[in-house]
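This report refers to the structure that appears directly beneath it.
Because the structure is a prediction, the values reported are computed rather than measured. Throughout, a chain's letter reflects where its sequence line sits, starting with A, and its residues are numbered from 1.
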2 protein chains.
Amino acid sequence: MGTTQLETVPEPKYWHLKNVLTEALDSEFSVGEILPNERDLAARYGVARATLRQALEQLELEGRLQRRRGVGTTVAPPRMGVAVGSEEQTWPGEGDDAWQAADCQAAPAPPAVTELLETGREEDVHTVRRTRVSHGQPVAAELLYVPDASVPDLSGIDAPSGAARARAVLRELHRLELEGEYRAVELGSASAEDAKELDRLPGSPVLVVTTRFYAGGRTAAVSVATYRADTCRLTFGDAGGVEIDPTPERRAS
Amino acid sequence: MGTTQLETVPEPKYWHLKNVLTEALDSEFSVGEILPNERDLAARYGVARATLRQALEQLELEGRLQRRRGVGTTVAPPRMGVAVGSEEQTWPGEGDDAWQAADCQAAPAPPAVTELLETGREEDVHTVRRTRVSHGQPVAAELLYVPDASVPDLSGIDAPSGAARARAVLRELHRLELEGEYRAVELGSASAEDAKELDRLPGSPVLVVTTRFYAGGRTAAVSVATYRADTCRLTFGDAGGVEIDPTPERRAS
DNA sequence: TAGTGGTCTAGACCACTGC
DNA sequence: CAGTGGTCTAGACCACTAT
């Protein structure tokens, strides 16, 4: 850095600071290392703590830092790639797919999902909760909505709720022939519930993946999965069998 | 502060405020409507402006609000779905794909891209800039990196740079047989350049879509596209021909 | 208990938009 | 020009984690 022109461009302090810190991160810190605390850092760079925090927030958003209350700020490892969609489409829970079924309740789906499923507004649907763990870390929390019409033979199952019932719902679902998937990704913020499962604070940025599963000419199930945006890079497709560990870029010095 | 419960759950003010505003948005405002200014809103809810802003930032992140300096805060329309990947894989610019080539320069690619392309660190690659407009709004800015090896017959083209050359590069690229695509989506923040193209402030949250195009057993091109996270929902696949306008949920009253 | 990040305040000034 | 959101400050207290 050295220079800084004053001419014509009043670059915000936090933006400049973010760039300075990015370089420092690249050159002077290694993954997992703890940064000085916010008060010290602010003092060192001659800014108010709030301004310093604005820069740190950006860096956290970009996956460069991880902050934990009561602990400190650490240099984050490169984001991990998590496979979300591939060539061969499969039902959730089919094969061994990194997800763990946690629970299943009968409850009305949120309006947005109701519309996709074309179910009644007050109608109960099977609501399966699953979590996904990768590299020992929770990366996603999912709610899978399955209308009773998609799993008509479920009645015989004893377990009224819980993981056992969740697995039963999935098993029944697999009996249908999957005709297609339609997926959407958007930015969201973690609900209180999801935040707890993801070990983050409520409001943390998440990537929301909504998947509609088609069977028998209708939407047979809808999945809403929220991935930690700070630690995950969602991957799609498999590029003709090539599957390289992605994420180059960062390295310690 | 007046009272408020003391029992067990000190919910942050900005979080509570966000929820209150969300309901107000659902019930009392319609798309495009202008909210009261931040100072008035803060006073109305009895919080400092910074706290109010924290709530507004969350809502903007969720795509519910749009804020423009010098103008005001308006209720945002539902996010638009933009198609990013579908069953049939195509080269960028093949068919009529909503993108507009803007420029092309010869320059070294960033390290991350260099690694994917397996080109030399200092080697120049054709760098095509394109923008994508949807519903009259800029939604994405892209940099497409094409090593010379992928377009060997380009030498004869006159235009050294500019849109004409960009189109020429794409045309040459289409002569290769596309063997596969590998895509990744992650959260990022807009660079100063991208921000300008997207009509946003630098640092705004964006969805970064990195695509590797395979041909001849190698990565023949790499595209890095940044989509406005506030206005876009990225869609993948086509679910057997079904293509419904998504995004239910919001409505004015 | 000491130290961290998270929340909140009440001000100030700046940059931009529109009239 | 007046009015908007964007940046910045200097403090305070709270919630959490580790020791």
Side-chain angles (χ1 to χ4, degrees), chain A residues 6-19 21 33-43 45-61 65-76 189-190 192 195-196 199-205 230, chain B residues 1-2 4-19 21 33-43 45-61 65-76 189-190 192 195-196 199-205 230:
Chain A
L6 341 157
E7 204 78 57
T8 62
V9 227
E11 200 175 45
K13 273 191 191 176
Y14 77 90
W15 181 261
H16 180 248
L17 187 50
K18 185 203 114 181
N19 293 326
L21 289 173
E33 203 168 335
I34 303 183
L35 268 62
N37 72 56
E38 298 185 347
R39 289 159 181 89
D40 287 352
L41 272 181
Y45 289 104
V47 299
R49 190 178 157 218
T51 304
L52 184 267
R53 276 179 62 80
Q54 216 175 334
L56 294 185
E57 259 147 44
Q58 282 255 1
L59 289 170
E60 197 180 23
L61 202 75
L65 294 179
Q66 183 151 8
R67 299 193 286 175
R68 272 175 304 168
R69 172 157 48 179
V71 179
T73 301
T74 58
V75 181
S189 56
K196 212 167 123 189
D199 193 25
R200 297 255 57 195
L201 289 177
S204 309
D230 57 341
Chain B
M1 264 314 302
T4 34
Q5 81 337 327
L6 339 159
E7 203 80 56
T8 61
V9 228
E11 199 175 44
K13 274 191 190 176
Y14 78 90
W15 181 261
H16 180 250
L17 187 50
K18 186 203 114 183
N19 293 326
L21 289 173
E33 203 168 334
I34 303 183
L35 269 63
N37 73 55
E38 297 184 348
R39 289 159 181 89
D40 287 352
L41 272 181
Y45 289 103
V47 299
R49 189 176 158 219
T51 305
L52 184 268
R53 276 179 63 79
Q54 216 175 333
L56 294 186
E57 259 148 44
Q58 282 254 2
L59 289 170
E60 197 180 23
L61 201 76
L65 293 180
Q66 184 151 5
R67 298 192 286 174
R68 272 175 304 168
R69 172 158 48 180
V71 179
T73 301
T74 58
V75 181
S189 56
K196 213 166 119 189
D199 192 26
R200 299 255 58 197
L201 289 177
S204 310
D230 56 341

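Contact annotation: B:Y14 reaches the phosphate of C:dT7 (side-chain N/O to OP1 or OP2, under 4.0 Å). Phosphate contact (OP1/OP2 of D:dT7, side-chain N/O of A:T51, threshold under 4.0 Å): absent. Phosphate contact (OP1/OP2 of D:dG6, side-chain N/O of B:R53, threshold under 4.0 Å): present.
Between the CG atom of B:L61 and the NZ atom of B:K18 there is a distance of 9.0 Å, given to the nearest 0.5 Å.
With C:dT9, D:dT9, C:dG5 as the choices, the nucleotide that has an atom nearest any side-chain atom of A:N37 turns out to be C:dG5. Of the candidate nucleotides D:dC8, D:dA15, C:dC8, D:dA15 has the atom lying nearest to any side-chain atom of A:R69.
Following rounding to the nearest Å, B:Q58 (CD) and C:dT7 (C1') show an atom-to-atom distance of 13 Å. Between the C1' atom of C:dG6 and the NZ atom of B:K13 lies a distance of 14 Å, rounded to the nearest Å. Atom-to-atom, CD of A:Q54 to C1' of D:dT9 comes out at 12 Å; the value is rounded to the nearest Å. Between B:L65 atom CG and D:dG6 atom P the separation is 11 Å, expressed in whole Å. Between the P atom of C:dT9 and the CG atom of B:L17 lies a distance of 10 Å, rounded to the nearest Å. Note: CZ (B:R68) to C1' (C:dA15) measures 16 Å, nearest angstrom. Atom pair A:D199:CG and D:dC16:P shows a separation of 13 Å (rounding to whole Å applied). In this structure, B:L41 atom CG and D:dG3 atom C1' are separated by 15 Å, rounded to whole Å.
B:L35 pairs in a side-chain contact (heavy atoms from CB on, under 4.5 Å) with only one of the listed residues (B:D40, B:V75, B:T74, B:L21), which is B:V75.
Closest-nucleotide positions on DNA chain C for B:P12 and B:G70 were compared, and the one nearer the 5' end corresponds to B:P12. Sequence order on DNA chain D of the closest nucleotides to B:R49 and A:A48 puts B:R49 first from the 5' end. Heavy-atom nearest nucleotides on DNA chain D were determined for A:V71 and for B:V71, and the one closer to the 5' end corresponds to B:V71.
A:A55 and A:Y14 make their closest contact through CB-O, 3.6 Å (heavy atoms, listed as atom of the first residue, atom of the second, distance).
Atom CZ of A:R49 is surrounded by more than 12 heavy atoms from other residues, nucleotides or ligands within 6.0 Å.
Counting non-hydrogen atoms under 4.0 angstrom, B:R39 reaches a base of the nucleic acid.
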Next item on the list: Show your working on side-chain contact (heavy atoms from CB on, under 4.5 Å) between B:L17 and B:V47 and close with a plain yes or no.
Entry: CA-CA 9 Å; B:L17 187 50; B:V47 299; 4.0 Å; yes

